[in-house]
Amino acid sequence: MFKSQFNGIDSKRLGLFAALFAIILVLIVYPYATSGFYGDDRIHSLLEGELALSGRSRLDVVLEWIRGWRSQGREFPVSALLAGYVYNKNLHVYHVWTLGLTALSSAAASAVLARISGRAFLKTWLFALCLFQLRAYHDPITSYAAMMQALVLFGALAIWFALPPPPDRPDSSIRLLLSLFFFVLALATYEPALAFFPVLLMAHRRRGFLGALPVSMVAGAWLMRQLWLRSQASGSYSGTSIRLGHAWTVAEAFFQQFTGALPGSNGLLHLYRHQVPAGGADFGVGMIFPAAVLGITVAAAWILHGRGRALPGTRDALLLATTGISLSLIPPGLIALSPKYQEELKWGLAYLPVYLQYFGIVALVYWTLDALPAQFHKIPASVFGIGIGLMAAFHLIANLHARNLQNLAQQAPRDTVLRALQLGLADRLTGPDPTLVAEDCQHVYWLNRSFFMTYIGRPIHVICHDHPSARDPGRWWLTLPIGPSWLEVKNGSERHRYE
């Protein structure tokens, strides 16, 4: 069975393919591994300092987050638990968690797609990885403590145990229970897990009514729970509100989210209009070399492995189509109903569920290839390999560019402050109430008491320049520009610059 999964490829070719795959994986992961703390993660990464200031435990904070979301009519305890224990002040540790879960979840989803399409696992995983695009807006890999990765992992496991077992193993009720268990975990992670419901119904269809009923009961109970939470909520969250409004507004948001998963969408529809500020890195020749290496390596791996047509008797065309349609269309449909995302989404950008959509695109491509006439299957593997290699190369260039943009705007100021602390900045901020006055108020969002408590073990207040006490005697004024890696503090005639 293992041999059939690789279309009969011999051990030497398989070993070479695995070596090429390892190179590809490193190059694809590199932009994410060198990214910084972005958006809300700039705050959540300071959890250690927040706990020290409040005297609470991580579990206390997790329970507080759960209660807070419940008050707004939402409930995803698994995500809260992940956030409470995955967030870390050390960026490298955080990357180990998030990229490890990315590898695990994408591999699990690819294994499911490989099985129901009858194609090789490594090749399916390679295809999915080449679709990943780093975004400047709530990227599903660089932010939110791997919430989307957990959702995809649980959903993939739910589908895996819903599929028929190998011929040499009996089909037991244990598989049904495990499928339901992981479906519940997915629903408890994030609302777009509802996209797995039609897939699970189709995967359990061999059981007939006994398969459809428990899956429907789980989904129905979850939906009733969500409606009850909304009815009891003391507040509201625009991200989960429903506003139909004008049909065009909903349709535009749907297609903005849907196209965000398509190859090249982020680079072609968004990044090409945004240039890195003066003094920062741009596309540059340095990006072209690794992109060329990635493109050539992907093409070589694809050609080495062959076309990879579906194997007779191993695929489930109906389940494959259901998976592609559900994972590709349901998340954009849910997002498009929200007034928050109707206003925030832009062409080329997409919200967190785009991670789920990547695997829907793979399923749709596979289903389309199987549906094409027999003459199509005579096209050489090199044609497909070169095409996917070019896509991977373009994505790497766009991902590196997006990383540079985000690092320059969000991570560089943080690194500058940390470097200044190592050079003695904190030694100048003494007294019973040490306070920094930020000339640029956007830094107050993340540069706060928790930040200093996290990294130096004592709190330092940071206020905006328009704060009523900003002009009080003894205040140190902070100049921290976006881009250039330096900061300056001044107190009257005394000035100190850190680079």
Side-chain angles (χ1 to χ4, degrees), residues 1-29 99-132 149 152-169 175 178-179 182 196 199 203 294 297-317 319-324 327 355-356 358-370 381 384-385 388-389 391-392:
M1 184 173 183
F2 176 84
K3 187 175 181 180
S4 68
Q5 267 294 301
F6 291 93
N7 293 355
I9 189 171
D10 61 62
S11 58
K12 290 183 179 179
R13 291 177 65 198
L14 179 58
L16 180 56
F17 179 86
L20 293 175
F21 184 85
I23 296 172
I24 293 166
L25 187 62
V26 168
L27 287 172
I28 288 176
V29 165
L99 294 179
L101 285 171
T102 298
L104 186 61
S105 62
S106 60
S110 299
V112 169
L113 293 174
R115 182 173 176 188
I116 63 179
S117 68
R119 287 175 168 82
F121 161 63
L122 279 180
K123 202 165 185 181
T124 301
W125 194 14
L126 169 60
F127 186 18
L129 290 173
C130 288
L131 290 173
F132 289 0
Q149 289 87 323
V152 167
L153 175 62
F154 295 142
L157 289 173
I159 299 172
W160 182 267
F161 286 108
L163 297 174
D168 58 339
R169 296 183 183 179
R175 295 183 66 88
L178 286 172
S179 177
F182 285 114
F196 289 112
V199 182
L294 177 61
T297 308
V298 168
W302 202 269
I303 295 168
L304 174 71
H305 207 300
R307 276 289 318 277
R309 289 184 59 185
L311 299 176
T314 62
R315 64 188 179 96
D316 187 333
L319 179 56
L320 187 62
T322 303
T323 303
L327 301 190
Y355 188 75
L356 188 58
Y358 290 143
F359 304 100
I361 295 297
V362 173
L364 284 180
V365 169
Y366 278 173
W367 179 80
T368 302
L369 290 176
D370 289 342
F384 296 92
I388 294 175
M391 177 186 73

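As the structure is a prediction and not an experimental result, all values here were calculated from the model. Note that these values count all heavy atoms, side chains included, but never hydrogens, waters or copies made by symmetry.
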**Q** Report the relative orientation of the aromatic rings in Phe127 and Tyr366; use parallel for angles under 30°, tilted for 30 to 60°, perpendicular for over 60°.
**A**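 Tilted: the ring planes of Phe127 and Tyr366 meet at 30° to 60°.
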**Q** For Phe132, which residues count as a ring pair (Phe, Tyr, Trp, His ring centres under 6.0 Å) partner, sequence neighbours excluded?
**A**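 With neighbours one apart ignored, the set is Tyr355, Tyr358.
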**Q** Would you say that Ile159 contacts Phe182 through its side chain, given a criterion of any heavy-atom pair below 4.5 Å between the two side chains?
**A**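 Heavy-atom side-chain distance check fails, nothing below 4.5 Å.
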**Q** Calculate, to the nearest 0.5 Å, the distance between atoms CD1 and CH2 belonging to Ile24 and Trp302 respectively.
**A** 10.0 Å
**Q** Would Trp125 and Phe21 count as a ring-ring contact (aromatic ring centres under 6.0 Å, His included) here? Give the steps.
**A** CA-CA 10 Å; Trp125 194 14; Phe21 184 85; 5.0 Å; yes
**Q** Ignoring hydrogens, what is the shortest heavy-atom contact between Leu20 and Thr297? Give both atom names and the distance.
**A** O-CG2, 3.6 Å
**Q** I'd like to check the side chain to side chain donor-acceptor pair (under 3.5 Å) partners of Ser110; sequence neighbours left out, ordered by chain and number.
**A** none
**Q** So which heavy atom on Leu163 is nearest to which on Arg175, and how close?
**A** O-NH2, 3.1 Å
**Q** Quick check: closest heavy atoms across Ile388 and Cys130, and the distance to 0.1 Å?
**A** CG2-SG, 4.3 Å
**Q** Would a 4.5 Å heavy-atom cut-off, applied to side chains only, mark Arg119 and Val362 as touching?
**A** no
**Q** In chain order, what residues pass the side chain to side chain contact (heavy atoms under 4.5 Å, CB included) check against Ala299, with sequence neighbours excluded?
**A**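 Ala299 satisfies side chain to side chain contact (heavy atoms under 4.5 Å, CB included) with no residue once adjacent residues are dropped.
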**Q** Look only at the side chain of Ser106 and the backbone of Thr102, and say whether a donor-acceptor pair between them is shorter than 3.5 Å.
**A** yes
**Q** Any idea which heavy atoms bring Ala114 and Thr124 closest together, and the distance?
**A** CB-OG1, 3.8 Å
**Q** Hey, are the side chains of Leu126 and Leu122 touching, using non-hydrogen atoms and a 4.5 Å cut-off?
**A** no
**Q** Should Phe384 and Ile303 be marked as a side chain to side chain contact (heavy atoms under 4.5 Å, CB included) after you check the CA-CA gap, both sets of side-chain angles, and the distance that decides it?
**A** CA-CA 8 Å; Phe384 296 92; Ile303 295 168; over 6 Å; no
**Q** First locate atom CG of Leu327, then atom CZ of Phe196, and finally report the distance between them rounded to the nearest 0.5 Å.
**A**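 Here the interatomic distance stands at 5.5 Å.
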**Q** Spell out, as yes or no, whether a donor-acceptor pair under 3.5 Å connects the side chain of Ser105 to the backbone of Leu153.
**A**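 Flag not set: sc Ser105 to bb Leu153 has no pair under 3.5 Å.
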**Q** Measure across Ala128 and Phe359 and return the closest heavy-atom pair with its distance rounded to 0.1 Å.
**A**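 So the minimum-distance heavy-atom pair works out to CB-CE2, 3.8 Å.
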**Q** Name the one of Val112, Leu320, Ile116, Thr323 that satisfies side-chain contact (heavy atoms from CB on, under 4.5 Å) with Val199?
**A** Thr323
**Q** Can you give me the closest heavy-atom contact between Ala162 and Ser179, atom names plus distance?
**A** CB-OG, 3.7 Å
**Q** Could you please spell out the steps behind the side chain to side chain contact (heavy atoms under 4.5 Å, CB included) verdict for Leu131 and Met391?
**A** CA-CA 8 Å; Leu131 290 173; Met391 177 186 73; 4.0 Å; yes
